[in-house]
Amino acid sequence: MKHLWNYIALPYLFVQYTYALVDITVNQALLNSGFHRSLTTNITLYANLTWCHLLVEDKFPRNVFINVNEVEDSADDIHVRTDQNLDLEATASASNSFSAYIYLNRNEPVQTSTEFSSKYIYTLPVHVRYHDPKTGGGYREFKKHQPTLFARCPTELSLPSSVIVSLPCDHSSAKVCKWTSLPFTQKSVLPPILVPVGDLDHHLPVYVSTHLAAYTGVVIVIYSLFSI
Amino acid sequence: MATRVNFELSDIAYHSSIGLLVRILLCVYSVIHDKYFKVAYTDIDYKVFTYAARDVIAQRSPYDQQAYRYSPIIAYLFTPNVLLHPILGKIIASIFDVYLAYRIHRLVLLTFKNQKKALQCAQLWLYNPLPIIICTRGNVDSISSVFILLALLYHLKQQYVWSGVLLAVSVHLRLYPIIFLLPFLVTCEQYSSADRLKYTYKSKLKFLGSFVVTLAALTGAFYYIYGYKFINASILFHISRQDIKHNFSLYSYLQYLDAYVPETVSKNLVVLDPKLTKNLLIIVPSIVLQLAITVKYNTLKHLPFSLFCSAFVFVILNKVLTSQYFIWFFSLLPVFLPSIVLSTKKVAAIIGTWIGVQALWLFAAYLLEFEGYNTFIFIHACSLLFYFVNVWILVTFINTYNAQYVKKID
């Protein structure tokens, strides 16, 4: 009878306890300048998420791409997949926005800790795509969206304003699981990203100088070939 | 005589060992560098080769990697990277690079009959920082260069079946040696033949036959295994390649702007079909110079210099130009170098200017790529300057080239 009580009561208590203690902060910073950036994500959890799997869905605009192979090689603590095959060489205007699924702790479940606190820091190499040139040149600007944090636990999570969505269970299989979104606070918002672009006003001078140089070189070489 | 040969062999073996050791040390350094520096030492393509090798081991196609545009043989060669250690691909590239020096040594010995010059030319490759850095970054261009030098060696020995086979292998590995087909074909000849024309005709047929059969066999075999993706990635992509991202090419910024110029503007600039005119304007200078070089240097003893000039012109007028492409002509430079007479001052001026302009270009490109400054127009100016420096160097070589130093090949 005592055992039976455990089976009924424990999941209930677990749900209640989780609800009470959820306090999560997520902060992102984009390091470096130019076309090759590092997106650092810092997640601090004060929540009983023991035995839960954690997933970050990061939506990226078409202005950038990530190379999953590169991430898998460089990061020891995460697994990554994207919702589509990315063309790593396409320009921004010929690309689509995409979602990256980052499996924290290499998709291993969260281990028990007495304070129910855990911290995850990971870095994604993010590459800015070439953008369309414009009249006057200068820079084009874009923004990166805010990430979403999900958990998949052995027992149901009951959290305020959380939603349940179907997302890939892990980084490699086609299997889909139910993930519960976790509410979090974000201390800072990423500033807009600037990318240098070509100047369409340069087209005519570049056109003339390029072909003039090429053909002048041809004449010089032919002259030296046959003049001796 | 035996002692002399042994001494000569041990000399090249000694320098090759040092050359290999230097390369291996740099391969080890590259691992440390990549961990701590913002600008990676390792070539981006090295990772692509490794991922392709991973696919091959998993019984998948190397062409599942979107950026893999090489022969499947390269992916096979890189499998130790995945199975044993990620540095091994660089070691393999380094071994080929050192073997290239050995081939240079044999070629110079054949054409100049001078052991000292042969060793100096091999050293020029073995201790040259550019090929050392390029191969230890994980680039594989020295592999196809080995096959080009082997083809040249057999061609100079008038063994045309073998030169055809080896040139075809190099074309399979890296498409660009196709530009050497015409210089090779034109120079098929016999030195001492009563019926020269007849022999020449037979030689050309032997060379062309073995070239076509080998290339068709390799292409057919890999088409059978990997299908159209192989043809598309390793052949068609290179023919139609257009890279709008900044590189050393003269045409780099123009291609970037051209891709976005409204039709109304481009129509005002050209008389014929805009796309056709754009392509013709870019292709014609290279073709004209290739033909002029082949016509000028149309005998066997000129072949090493002819190949160098062809490669040089092809590279400086290519739509895409990165530092790995320098290997295409650099590997041919030591083979004819004893027939170039230049003062030390002139050599220093050539090397200094060539490196100086590149450094200027790299600085402008660094500011764009890693610091985010808008330096497109400065990069374009540096590319123009680099092109003229290259033209000046080529003209200097042409004006000082003296084939009289080339001995009769036995």
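Each chain gets a letter, A, B and so on, in the order its sequence line appears, and its residues count up from 1. Not measured: the values here are computed from a predicted model.
- Proximity to chain A involves both the backbone and the side chain of B:Ile244, based on heavy atoms less than 4.5 angstrom apart.
- Side chains of B:Tyr260 and A:Ser93 form a contact here, defined as non-hydrogen atoms less than 4.5 Å apart.
- Atom CD1 of residue B:Ile398 and atom OG of residue A:Ser224 lie 4.0 Å apart, to the nearest 0.5 angstrom.
- Taking the side chain as every heavy atom from C-beta outward, A:Tyr223 and B:Val395 never approach each other to under 4.5 Å.
- For B:Phe378, the CZ atom sits in a loose shell: 12 or fewer heavy atoms of surrounding residues, nucleotides or ligands are nearer than 6.0 Å.
- Proximity to chain A (any heavy atom under 4.5 Å) is shown, for B:Leu250, by both the backbone and the side chain.
- For B:Phe376 against A:Gly198, the heavy-atom pair with the smallest separation is CE1-N, 3.6 Å.
- For the pair B:Leu281/A:Tyr215, a side-chain contact is recorded, criterion being any heavy-atom separation below 4.5 Å from C-beta on.
- By the neighbour-count criterion of 12 heavy atoms within 6.0 Å, atom NZ of A:Lys59 is sparsely surrounded, having that number or fewer from other residues, nucleotides or ligands.
- We find the CG-CD1 distance between B:Leu394 and A:Ile220 to be 10.5 Å, quoted to the nearest 0.5 Å.
- Using cut-offs of 30° and 60° for the angle between ring planes, the B:Tyr253 and A:His202 rings count as perpendicular.
- Contact detail for A:Tyr139 and B:Asn374: the closest heavy-atom pair is OH-N, 3.1 Å.
- If you measure heavy-atom distances from A:Asp87 to chain B, the contacts under 4.5 Å come from both the backbone and the side chain.
- The side-chain heavy atoms of B:Arg54 and A:Asn69, taken from C-beta on, include a pair separated by under 4.5 Å.
- The shortest non-hydrogen separation linking B:Leu384 to A:Ala213 is CD2-CB, 3.8 Å.
- Neither the backbone nor the side chain of B:Leu367 has a heavy atom closer than 4.5 Å to any heavy atom of chain A.
- Taken to the nearest 0.5 Å, the OH atom of B:Tyr256 stands 10.0 Å off from the CG atom of A:Asp199.
- Across B:Ala292 and A:Phe226, no two heavy atoms sit closer than the pair O-CZ, 3.6 Å.
- Residues A:Val68 and B:Tyr51 have side chains not in contact (no heavy-atom distance under 4.5 Å, counting atoms from C-beta outward).
- Side-chain contact between B:Leu254 and A:His211 is present, with heavy atoms from C-beta onward closer than 4.5 Å.
- Only the backbone of A:His131 comes within contact range of chain B, with heavy atoms under 4.5 Å apart.
- Chain B forms the most heavy-atom pairs under 4.5 Å with one residue out of A:Val195, A:Leu194, A:Thr91, and that residue is A:Thr91.
- Counting non-hydrogen atoms of neighbouring residues, nucleotides and ligands closer than 6.0 angstrom, the CZ atom of B:Phe363 reaches no more than 12 such neighbours.
- Remark: side-chain polar atoms of A:Glu89 are not paired, donor with acceptor, to backbone N or O of B:Ala67 under 3.5 angstrom.
- When all heavy atoms of B:Gln66 and A:Leu86 are compared, the closest pair comes out as OE1-O, 3.5 Å.
- Contact annotation for B:Tyr387: only side-chain heavy atoms (C-beta onward) come within less than 4.5 Å of a heavy atom of chain A.
- Heavy atoms closer than 4.5 Å to chain A are found in the side chain of B:Lys47, but not in its backbone.
- Side-chain contact check for A:Pro196 versus B:Tyr373: every heavy-atom pair is 4.5 Å or farther apart.
- Residue A:Val206 comes nearest to B:His380 through the heavy atom pair CG1-CE1, 3.7 Å, listed as atom of the first residue, atom of the second, then distance.
- Interface remark: A:Ser209 contributes backbone and side-chain atoms alike to the contact with chain B (heavy atom separation under 4.5 Å).
- With ring centers used as reference points, A:His36 lies under 6.0 Å from B:Phe370.
- For the atom pair A:Ile222 CD1 and B:Lys296 NZ, the distance stands at 12.5 Å (nearest 0.5 Å).
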(request) Check the pair A:Arg37 / B:Glu369 against salt bridge (charged side-chain N to carboxylate O under 4.0 Å, His left out), numbers first and verdict last. (result) CA-CA 10 Å; A:Arg37 310 288 186 104; B:Glu369 193 169 341; over 6 Å; no
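- B:Leu257 is not listed as a side-chain neighbour of A:Tyr207, based on a closest heavy-atom distance of 4.5 Å or more.
- In this structure, A:Phe35 and B:His246 have tilted ring planes: the angle between them lies in the 30° to 60° band.
- When A:Thr216, A:Val221, A:Val218, A:Val219 are each tested for a side-chain contact (heavy atoms from CB on, under 4.5 Å) with B:Val391, only one passes: A:Val221.
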